Number of protein chains: 2
Amino acid sequence: MELYAERGFDATTVAEIAERAGLTERTFFRHYADKREVLFAGATELQELLVRQVDQAPAGMPAMDVIGAALTAMATEMFAEGHDYARQRQAIIMANADLRERELIKFAALGAAVAESLRRRGVTDPAASLAAEAGIAIFKVAFERWVSDTGQRSLAQLMLDSMAELRLVTHPEELASDESSG
Amino acid sequence: MELYAERGFDATTVAEIAERAGLTERTFFRHYADKREVLFAGATELQELLVRQVDQAPAGMPAMDVIGAALTAMATEMFAEGHDYARQRQAIIMANADLRERELIKFAALGAAVAESLRRRGVTDPAASLAAEAGIAIFKVAFERWVSDTGQRSLAQLMLDSMAELRLVTHPEELASDESSG
DNA sequence: ACTCTGATGTCAGTGACTGCCATCACTGTA
DNA sequence: TACAGTGATGGCAGTCACTGACATCAGAGT
């Protein structure tokens, strides 16, 4: 992380990382599948947490409500890791095309895992996929705001906001008077 | 494409591709940014077509309707490339993690471009992003079905189906009697 | 014949990643 | 203590994607 922040991702060699970490290049690749994985090590925990939330949601709850509850729960529990750390990591990721790719694959894996969890709840197949994708979209928007924001609002709150906005988009006939002000 | 299909993506070296194509390895990299790009060369055209459709949609049309019209138009115009070719390419892509990553980045670029196009129409920022993401989700589901299907139904029809299903997920209160039968 | 330009070939190099084998710390067993 | 097994690590050589620098060559214009 230090080296990536100092000189950028591309300009950092695995040999340098290994040296700074006090181990061999060979050993580095035994811990991380590739150079990028250093930045995405926590993604699996995040996925497990989200899936657990969906699995444990009360039966009969509508799919999007389950998603919403899981997302806000994740936002509260998970991102105690710190706003600054998340921001630095995100800056590194956004500065490099390969890292952006890897981030997308992580999101996709998240979506797939959530969809599978929804299916376990009895949600039918297209609905499960679409609800999961919508959830990921909500998460992306909220997370992006949280990172680029000065840090005033909590990730959980931003998650709720972005969820409400998705409803506005897909249910335009429900809107009262919000259209002209947004 | 031949080599990828014959012996797999990983087992195919750029040197082999260059030899089969009758050119140098160096020249290959002048045409394609990397080894994967061979399979995604057509993605830019697809993106331009989609953006053009959104840009040219009548003013005042709701965002999701614009997306829907653009997607079906794209489905009709674009995928005259052939079902078999698309299926072979998709098999190659799904068999390799790096290729799946690249596909996701292409989808993300598509989404970003569509969102930008929606913003040019005056759609406000969160709505534009979310509508675009929803459009991509619709496209993914429809495309996946089209590829894995025996080829009976057109991509355009599958696109309409998946779009209707997204509405069902996000507007559960509208459903008439479909829930128990799906 | 000359020049300019763009596409290609040639060559050497960097760096990510892998396979193979030796080493070493640690654990359980006699 | 001695011994064997196991898991993590180091060391080393190799493959291969990808890049930069330079030479070459074909075609267009003059």
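Because the structure is a prediction, the values reported are computed rather than measured. All chains are named by letter (A, B, ...) in the order of the sequence lines, taking the proteins before the strands, and each is independently numbered beginning at 1.
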[X], nearest nucleotide to its side chain (from [options]):
| X | options | result |
| --- | --- | --- |
| A/R30 | D/dC22, D/dG10, C/dA16 | D/dG10 |
| A/K35 | D/dT19, D/dG10, C/dA16 | C/dA16 |
| A/T24 | D/dG11, D/dC18, C/dC17 | D/dG11 |
| A/R26 | D/dC22, C/dC20, D/dA17 | C/dC20 |

Between A/K106 and A/E101 (side chain of the first, backbone of the second, donor and acceptor by atom type, cut-off under 3.5 Å), is there such a pair?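 Flag not set: sc A/K106 to bb A/E101 has no pair under 3.5 Å.
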Main-chain N/O of A/E144 paired with A/S148 side-chain donor or acceptor, under 3.5 Å: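 Yes; judged by distance alone, with no hydrogens or angles, the pair exists.
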How close or far is atom [atom2] of [N] from atom [atom1] of [X], stated in whole angstroms?
| X | N | atom1 | atom2 | value |
| --- | --- | --- | --- | --- |
| A/E25 | C/dC17 | CD | P | 10 Å |
| A/F29 | D/dT15 | CZ | C1' | 14 Å |
| B/R36 | C/dA16 | CZ | C1' | 13 Å |
| B/Y32 | D/dC18 | OH | P | 14 Å |
| B/E16 | D/dC18 | CD | P | 15 Å |
| A/E19 | D/dG10 | CD | P | 13 Å |
| A/R102 | C/dA16 | CZ | P | 14 Å |
| A/L23 | D/dG11 | CG | P | 11 Å |

Should B/M1 and B/I92 be marked as a side-chain contact (heavy atoms from CB on, under 4.5 Å) after you check the CA-CA gap, both sets of side-chain angles, and the distance that decides it? CA-CA 9 Å; B/M1 279 291 298; B/I92 296 171; 4.1 Å; yes
Roughly how far apart are A/E133 CD and B/I138 CD1, rounded to 0.5 Å?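 Going from CD on A/E133 over to CD1 on B/I138, the span is 11.0 Å.
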At what distance, to the nearest 0.5 angstrom, does CG of B/L49 lie from CZ of B/R52?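 Reported value, rounded in 0.5 Å steps: 5.5 Å.
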Taking only the side-chain nitrogens and oxygens of A/H31, find out if one of them lies under 4.0 Å from OP1 or OP2 of D/dA8.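 No.
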D/dT9 OP1/OP2 closer than 4.0 Å to side-chain N/O of A/T27: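 Answer is no, no contact under 4.0 Å.
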Where along residues 3-15 of chain A does a heavy atom come under 4.0 Å from DNA chain D, residue by residue in number order?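 The stretch gives none, as no residue of it lies under 4.0 Å from the strand.
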Judged by modelled atom types alone, do B/E103 and B/Q90 share a side-chain donor-acceptor pair under 3.5 Å?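 Judged by distance alone, the side chains do pair up.
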Exercise: do B/Q157 and B/D161 side chains pair donor with acceptor under 3.5 Å: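 Present: a donor and an acceptor within the cut-off.
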